[in-house]
Amino acid sequence: MRALLFILAGMLAWGAAIPSIPEAQAERLVAYSYHRGDAADLKREFRDLWRDLNDFRHKHSFQAQGFSSRGPYGVWMRRVEDAGRRYPDRLQRQMGLVFAELRQVGLDYERTRGNGSRHTQQKAAAFDRALR
């Protein structure tokens with residue numbers, strides 16, 4: 001697989017036409033082109049942030065301060081935003097662990113005092129499935 005990726009990259013560098021490959025194989029090539037460590041790191045970081053959000057979303061201090069920059073939960077929001085910039089969007093989508101969606105879930109928990117909406121519940125279930 002890696003050899004095929006290098007061959008395709010070489011063909012691109014020399015301006016050669018790339019042979020048509022099935023879409024499913026192309027998706028595997030794209031997924032493989034990321035370092036395997038990136039996916040593991042993304043999953044670990046997302047899991048930690050998701051666990052933290054679920055730990056504090058019902059706390060009175062979170063309901064009172066939310067993600068204020070002066071409160072302790074603003075740090076969580078900055079960590080989510082930083083992680084979203086660090087990992088490629090395509091990898092996040094492929095894994096079903098998109099940091100922008102986690103941010104939105106956090107904002108929804110802030111707005112609903114930790115309860116969330118139907119959409120938030122659906123996202124939470126999707127996150128749990130992706131993290132298994």
Side-chain angles (χ1 to χ4, degrees):
M1 181 75 79
R2 184 167 269 185
L4 179 59
L5 189 58
F6 285 122
I7 291 169
L8 290 174
M11 291 174 78
L12 275 175
W14 290 99
I18 296 177
S20 177
I21 56 175
E23 188 174 326
Q25 187 177 3
E27 282 298 315
R28 284 194 304 272
L29 284 174
V30 169
Y32 190 77
S33 68
Y34 298 113
H35 293 280
R36 289 184 182 154
D38 288 348
D41 291 344
L42 184 153
K43 191 171 188 177
R44 186 179 319 105
E45 189 162 4
F46 196 99
R47 179 182 287 122
D48 291 346
L49 290 164
W50 178 233
R51 184 190 62 236
D52 291 348
L53 177 61
N54 282 299
D55 286 347
F56 68 68
R57 72 183 175 121
H58 289 295
K59 289 186 177 181
H60 177 68
S61 57
F62 173 66
Q63 293 172 4
Q65 296 176 353
F67 292 114
S68 164
S69 61
R70 286 181 245 137
Y73 308 108
V75 172
W76 179 90
M77 184 61 76
R78 285 190 298 280
R79 286 176 52 211
V80 170
E81 291 167 351
D82 290 345
R85 286 189 291 272
R86 214 173 18 260
Y87 298 101
D89 292 341
R90 179 176 241 158
L91 179 61
Q92 292 180 51
R93 286 190 309 274
Q94 284 175 342
M95 295 182 69
L97 300 171
V98 179
F99 287 98
E101 292 175 356
L102 178 59
R103 180 182 184 280
Q104 285 306 120
V105 168
L107 291 171
D108 196 42
Y109 283 148
E110 178 184 37
R111 185 180 56 78
T112 61
R113 304 180 73 68
N115 295 319
S117 63
R118 181 178 302 173
H119 176 73
T120 303
Q121 293 168 358
Q122 292 169 347
K123 281 292 174 192
F127 293 160
D128 289 337
R129 280 191 304 275
L131 288 168
R132 285 187 200 146

- Between the main-chain N or O of Ala83 and the side-chain N or O of Glu45, is there a donor-acceptor pair closer than 3.5 Å?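 No; judged by distance alone, with no hydrogens or angles, the pair does not exist.
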Check this for me: [X], atom [atom1], are more than 12 non-hydrogen atoms of other residues, nucleotides or ligands nearer than 6.0 Å?
X	atom1	value
Lys59	NZ	no
His119	NE2	no
Arg113	CZ	no

- Sort out for me which residue in Leu102, Leu97, Leu42 forms a side chain to side chain contact (heavy atoms under 4.5 Å, CB included) with Gln92.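 Running side chain to side chain contact (heavy atoms under 4.5 Å, CB included) over Leu102, Leu97, Leu42 with Gln92 returns exactly one hit, Leu42.
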- Task: Taking the side chain as every heavy atom from C-beta outward, state whether Phe99 and Asp82 have any atom pair closer than 4.5 Å.
- Result: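 Side chain of Phe99 against side chain of Asp82, heavy atoms only: no contact under 4.5 Å found.
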For [X] versus [Y], what's the shortest heavy-atom pair and its separation?
X	Y	answer
Gln65	Glu110	O-OE2, 4.4 Å
Ala130	Gly96	CB-O, 3.9 Å
Arg111	Ser117	NH2-CB, 4.4 Å
Arg47	Leu131	NH2-O, 2.8 Å
Gly106	Phe62	O-CZ, 4.2 Å
Tyr87	Asp38	CE2-O, 3.7 Å

- Item | Separation of Arg57 CZ from Thr112 OG1 (nearest 0.5 Å) |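 Between atom OG1 of Thr112 and atom CZ of Arg57 there are 8.0 Å.
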- Item | Single-linkage hydrophobic cluster Leu91~Val98, side-chain heavy atoms < 4.5 angstrom |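 The answer is no; the residues belong to distinct hydrophobic clusters.
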For residues 72-81, tabulate all N or O donor-acceptor pairs below 3.5 Å that involve a side-chain atom, not counting sequence neighbours.
from  : atom 1 : to     : atom 2 : distance (Å)
Tyr73 : OH     : Ser61  : OG     : 2.6
Trp76 : NE1    : Leu49  : O      : 3.0
Arg78 : NH1    : Gly74  : O      : 3.4
Arg79 : NH1    : Asp52  : OD2    : 3.3
Glu81 : OE2    : Arg103 : NE     : 2.9

- Message: Restricting to ring-ring contact (aromatic ring centres under 6.0 Å, His included), what partner residues turn up for Trp50, sequence neighbours left out?
- Response: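 With neighbours one apart ignored, the set is Phe127.
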- Query: By side-chain contact (heavy atoms from CB on, under 4.5 Å), which residues pair with Gln104, not counting sequence neighbours?
  - Reply: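 Gln104 satisfies side-chain contact (heavy atoms from CB on, under 4.5 Å) with Leu107 only.
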